[in-house]
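The structure appears right after this line, and notes come after that.
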Amino acid sequence: MAEGHTITIEQGTRHVRVVHGGQVLAESDRPLVLRETGCPVRYYIPPEDVRLELLTPSDTHTYCPFKGTASYWSRPGAADLVWAYPDPKPDVAGIKDHLCFYEADVS
């Protein structure tokens, strides 16, 4: 990590539900909670709790010096709505293959 930059990952205990265009895309009682310096809290959801059939893989890839290379998925009218790190850096290995959404409701 860079000086002053931190990432923590913990097992979440709250229910996370992701709805887009009136459809539930994911629902989980076991999200990982990622807190990163300068970023909003993000919920990484196990793939078994995501309706992958409603998502289309994107050609987009981005690189984070702290987490690695992210792959993206889209929905009609919502490009690159979801991302995951298939091969994350060792410090954040716990998020491997978990999916993260730009919009998530926590109950």
Side-chain angles (χ1 to χ4, degrees):
M1 298 287 150
E3 183 71 31
H5 188 96
T6 61
I7 295 176
T8 61
I9 301 168
E10 60 190 46
Q11 182 61 58
T13 57
R14 300 182 72 185
H15 184 78
V16 175
R17 177 181 165 117
V18 180
V19 179
H20 182 268
Q23 284 194 299
V24 176
L25 301 182
E27 200 154 3
S28 183
D29 290 320
R30 54 194 184 125
L32 295 176
V33 181
L34 185 140
R35 290 180 174 82
E36 181 174 3
T37 302
C39 298
V41 171
R42 296 288 187 197
Y43 297 91
Y44 281 77
I45 301 173
E48 302 83 20
D49 296 345
V50 177
R51 296 190 58 199
L52 295 171
E53 74 276 8
L54 299 177
L55 304 172
T56 303
S58 166
D59 290 331
T60 302
H61 297 279
T62 59
Y63 179 76
C64 169
F66 308 109
K67 295 186 289 290
T69 300
S71 297
Y72 288 78
W73 289 261
S74 299
R75 292 218 357 108
D80 302 333
L81 177 69
V82 186
W83 70 93
Y85 291 90
D87 189 24
K89 298 218 173 208
D91 286 346
V92 295
I95 63 170
K96 179 177 175 57
D97 294 328
H98 284 57
L99 290 98
C100 189
F101 293 77
Y102 280 107
E103 302 284 332
D105 296 326
V106 180
S107 54

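Residue numbers run from 1 in the order of the sequence given. Just so you know, these numbers come straight off a predicted model, no measurement behind them.
Note that CZ of Arg35 and OG1 of Thr37 are 12.0 Å apart. Values are rounded to the nearest 0.5 Å. Distance check: Arg42 CZ to Leu34 CG gives 9.5 Å after rounding to the nearest 0.5 Å. With rounding to the nearest 0.5 angstrom, the NZ atom of Lys96 is 15.0 Å from the NZ atom of Lys89.
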Side chain to side chain contact (heavy atoms under 4.5 Å, CB included) between Thr69 and Asp87, worked out: CA-CA 7 Å; Thr69 300; Asp87 189 24; over 6 Å; no
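Across all non-hydrogen atoms, the minimal contact from Glu36 to Phe66 is OE2-CD1, 3.8 Å. Across all their heavy atoms, Ser28 and Ile45 have their closest contact at CB-CG2, 3.7 Å. Pairing each heavy atom of Asp80 with each of Tyr102, the nearest pair is O-CE1, 3.2 Å. When all heavy atoms are compared, the tightest approach of Pro31 to Pro46 is CA-CD, 4.5 Å. Nearest heavy-atom pair across Asp49 and Arg30 is OD2-NE, 3.0 Å. The two atoms that bring Pro47 and Leu52 nearest to each other are O-CD1, 4.2 Å, heavy atoms only.
In this structure, Trp73 and Leu99 have side chains that are in contact, with non-hydrogen atoms separated by less than 4.5 Å. Side-chain contact check for Pro57 versus Ser71: every heavy-atom pair is 4.5 Å or farther apart. The shortest side-chain heavy-atom distance between Leu32 and Gln11 falls under the 4.5 Å cut-off. Side-chain contact between Trp83 and Lys67: absent, with no pair of heavy atoms (C-beta onward) separated by less than 4.5 Å. Looking at Val50 and Val18, their side chains never come closer than 4.5 Å, going by heavy atoms from C-beta outward. Side-chain contact between Leu25 and Leu81: present, with at least one pair of heavy atoms (C-beta onward) separated by less than 4.5 Å. Contact of the Phe101 side chain with the Tyr43 side chain is not registered, since no non-hydrogen atoms from C-beta on lie closer than 4.5 Å. Contact check for Ile7 versus Asp91: no side-chain heavy atoms found under the 4.5 Å cut-off.
For the residue pair Gln23/Arg51, the side-chain donor-acceptor check at 3.5 Å is not satisfied.
Panel note: side chain Arg75, backbone Leu54; a donor-acceptor pair is recorded below 3.5 Å.
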